[in-house]
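The next block holds one structure in the form of structure tokens; read it before the comments.
A note on names: the letters A, B, ... follow the listed sequences, proteins ahead of strands, and every chain is numbered from 1.
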Amino acid sequence: MELDLLGTRHRTHYCGELRSEHAGKKVFLAGWVARRRDLGNLIFIDLRDHTGITQVVCRPELSATAHAKAEQVRSEYVLGIEGEVALRTPETVNKELATGEVEVVVRELLVLNEARTPPFPLDDEGRTNEEPRLRYRYIDLRRARMQHHLRLRHQAGLVVREHMTDHGFVDVETPFLTRSTPEGARDYLVPSRVHPGHFYALPQSPQLFKQILMIAGFDRYFQIVRCFRDEDLRADRQPEFTQIDIEMAFPTREELFGIIEDLMAKLFALIDVKIPRPFPILPYDEAMEKYGSDKPHLGFGLEWKRVPLPEGARGKIHVSEPIKVLRVPGGALFSRSQIDKLQEVAKSAGADWFASIKVAGDAVPPLAKVMGEEAVRSLIASAGAADGDLVVLLGLKSQPPASESSAASAAAGQLSVEKLRHLDFASGDVRLDLARKLDLIKPGTWSFCWVVEFPMFEYDDKEKRYAAMHHPFTSPREEDMDKIESDPSACKARAYDLVLNGSEIGGGSIRIHRPDIQRRVFQTLSITPEKARERFGFFLDALESGAPPHGGIALGWDRIIALMCSETNIREVIAFPKTASAVDLMCDAPGRVDPDQLHELELELKTAESMEAVRARLKSVE
RNA sequence: GGGGACGUAGUUCAGCUGGUUAGAACGCUGCCCUGUCACGGCAGAGGCCGCGGGUUCGAGUCCCGUCGUCCCCGCCA
């Protein structure tokens, strides 16, 4: 159809703005056709923009041209409407609509653009699958929900910038084209045309840059920054994601926590949530014991305890110590099959020994037959269970000792650090499963906490070496400095995570600012001085140039916004996200490139076919 | 890299132990309709049942492979 030109006309109001007090006003609206109801000689059009919907009415007696055009109009056409705001008669008021007391009577209708029939309905309340939504993201983003999420994200960004600025933090941009540092996640590489055979890497985080900014005397830095990781995706992980990157010189942990807690309070005020402060601070080991997680959900009870086997049970069951006990209030009412299912969860979580005790009056639990009544009673007592409760027991089986008295077998009865962590994590899975089954996770709960005192090092069984649990620039606690070499497993880090409702939304640490300590940490991590120089030489030089004590944190922006929007998937708060296989369905990235481009970069593809050819040649040589 | 779920009309789905011409709702197209707002009425169009192979007299349905989407583990702050 023939399209109209906007000319010099300008919009006087948004589609969600008009109220009864505008009655009689001449207005010009612009927007998309959400719906058209053609009653013959009377046509209603719901005109939509990001603010809402206004009903416009076309009558042939007022404008035959406008009415004729309105007959041709279809969903998602772009219209300009000139007309008069009219009060609706009481019986035609639409209470569902903010603008429902009025309508715009059309004098002139401009069809500014046509539109293809939408590939899916826009008012589907989330029923459309993600694949078509991502392919036609420009349609999907027109929905009120997506508009809300991205606009809230914008507002939240303003809060961050204002808050950080008020506290003396300076927004400094750091490079996207940087150097590959093969610690941690896989890098996205960018070939250099000017330096053939050399590659930039996209930053996994601006970690070293922000530390260097501290050395450079910026004192306090922040950035809302994109980071890149070439790892497999999840509901809460994208190959490119955004973090609020923060670093400060001469920090105390408490000061940083205060700044971040204030920030969180301001952010959640945007969704009318008042969050209690200060946030609880949990040492890592306590979080692992009680909640079986390094990102515990504190929005409900159910706390595990590590306990030794009761005296009487030793030798009767072959389980390493400690075991874990949990009181489930009211759990004595669990059915046999409910308990069986719990056991399945425990086993698939990695706890190979599971038992439960129903506490019901004087009834003797079956477990007493195995370990004796005394032992059972002592376990009930350790769990703090009372009548009507269920006590859940979790453990890892031990090999029956070969000879009673050998020191080796005594040690076999005790869990190693790694095994204990394994058992703790299993208990955490069971706890979350119970919470879901007992419906303990209430919507509207905003349970923040800090987890602190993470282990500095983690022993990697496969690589036979220690790895940094946070990253290699994290400082050990001052009182643990002597353990860097002597007892790495016991060395705690000055690292902290921010957790909300069982989701990790931030992590950081006080950094190493002294080159001597950095060298010692590298050594424990089996990073030779040569390797350290090759990878981080520039940074080590900077550390030797007057690095102040410093530390910071990075907040997972996508996750925070998703939580604020009550979304479980961060793709819902990212305008143009990628699928689980890191594909952009809308623009079909990644894609092949022109051979000329490759030639310019002096790159050559080893296609599957050419690899086959190479293999065949090797075989013929043998 | 591994495990699980799914893939049928534009969309969301149904399709039984394999059986004749693959359905529904919404959407779409045309006609009718002056107070609708999920408008209504009548008529209609629309399908490589993801793709390839196999089993079978016969496959949307069973088997194998492959591709895609989602979730989880590994991996990753």
Side-chain angles (χ1 to χ4, degrees), chain A residues 34-48 53-62 67 71 74-76 86 88-97 99-100 103 105 116-136 139-140 183-187 204-205 207 227-239 241 243 245 294-295 348-350 425 429 451 454 458 460 462 467-471 474 495-499 503-509 553-559 568-569 571 578-583 585 588:
Chain A
R35 231 182 197 100
R36 185 183 67 117
R37 291 176 293 280
D38 185 348
L39 278 64
N41 265 329
L42 181 66
I43 299 175
F44 297 99
I45 292 170
D46 288 343
L47 198 67
R48 184 199 66 234
I53 281 177
T54 295
Q55 171 168 280
V56 303
V57 203
C58 301
R59 299 172 190 279
E61 62 268 28
L62 283 167
H67 182 268
E71 282 182 327
R74 294 293 180 269
S75 281
E76 300 306 313
R88 299 199 195 183
T89 58
E91 66 275 16
T92 60
V93 164
N94 183 349
K95 290 202 176 70
E96 306 292 306
L97 220 54
T99 60
E103 60 195 7
V105 183
R116 294 181 183 179
T117 302
F120 47 79
L122 272 79
D123 53 356
D124 67 344
E125 278 139 29
R127 273 190 295 272
T128 302
N129 290 326
E130 238 187 317
E131 198 172 338
R133 288 181 55 209
L134 291 178
R135 197 173 300 278
Y136 304 99
I139 304 294
D140 189 49
E183 278 290 300
R186 270 184 281 262
D187 290 317
Q204 299 173 24
S205 96
Q207 183 60 36
C227 304
F228 306 86
R229 289 187 186 142
D230 187 5
E231 293 293 343
D232 287 349
L233 276 50
R234 287 280 196 288
D236 59 354
R237 267 192 244 158
Q238 283 274 303
F241 59 97
Q243 64 184 37
D245 200 43
D294 55 0
K295 42 182 180 178
S348 68
F425 276 126
D429 285 1
V451 178
F454 280 80
E458 222 173 357
D460 186 331
K462 272 177 243 152
M469 195 156 182
H470 187 65
H471 57 54
T474 299
Y496 32 79
D497 275 2
L498 179 58
V499 176
S503 261
E504 184 202 323
I505 58 168
S509 60
I553 191 166
L555 303 172
W557 194 227
D558 307 288
R559 289 183 189 177
T568 52
N569 192 315
R571 290 188 297 268
K578 290 173 181 59
T579 68
S581 55
V583 167
L585 288 176
D588 199 20

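- Partners of A/Phe228 under the ring-ring contact (aromatic ring centres under 6.0 Å, His included) rule, at least two apart in sequence or in another chain, are A/Phe176.
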Can you name the atoms? Protein N/O to nucleotides 23-28 of chain B N/O, anything below 3.5 Å, with the distance.
none

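- One finds a side-chain N or O of A/Arg37 lying less than 4.0 angstrom from the OP1 or OP2 phosphate oxygen of B/C39.
- The shortest distance between the side-chain N/O atoms of A/Asn129 and the OP1/OP2 oxygens of B/C13 is below 4.0 Å.
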I need a per-nucleotide contact map over nucleotides 71-77 of chain B, read 5' to 3'. Cutoff is protein heavy atoms under 4.0 Å; write B for the base, S for backbone only, - otherwise.
SSBBBBB

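- Using a 4.0 Å heavy-atom cutoff across all strands shown, A/Glu103 reaches at least one base atom of the nucleic acid.
- For A/His471, the ring-ring contact (aromatic ring centres under 6.0 Å, His included) test picks out A/Phe473, with sequence neighbours left out.
- Residue A/Asp38 is in base contact, counting any heavy-atom pair closer than 4.0 Å across all strands shown.
- Using a 4.0 Å heavy-atom cutoff across all strands shown, A/Thr92 reaches at least one base atom of the nucleic acid.
- Considering A/Arg48, A/Arg35, A/Arg36 as possible partners of A/Glu76, the one that fulfils the salt bridge (charged side-chain N to carboxylate O under 4.0 Å, His left out) test is A/Arg48.
- Among residues two or more places apart in sequence or in another chain, the salt bridge (charged side-chain N to carboxylate O under 4.0 Å, His left out) test is passed with A/Asp294 by none.
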Side-chain donor-acceptor contacts of residues 232-239 of chain A below 3.5 Å, not counting sequence neighbours, with atom names and distances?
from     : atom 1 : to       : atom 2 : distance (Å)
A/Arg237 : NH1    : A/Asp232 : O      : 3.2
A/Gln238 : OE1    : A/Lys578 : N      : 2.7
A/Gln238 : NE2    : A/Lys578 : O      : 2.8

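- Within the nucleic acid shown, A/Gln207 has no heavy atom closer than 4.0 Å to any nucleic acid atom.
- Backbone-only contact: A/Ser581 has heavy atoms under 4.0 Å from sugar-phosphate atoms and none from a base.
- At the phosphate of B/U11, neither OP1 nor OP2 sits under 4.0 Å from any side-chain N or O atom of A/Thr128.
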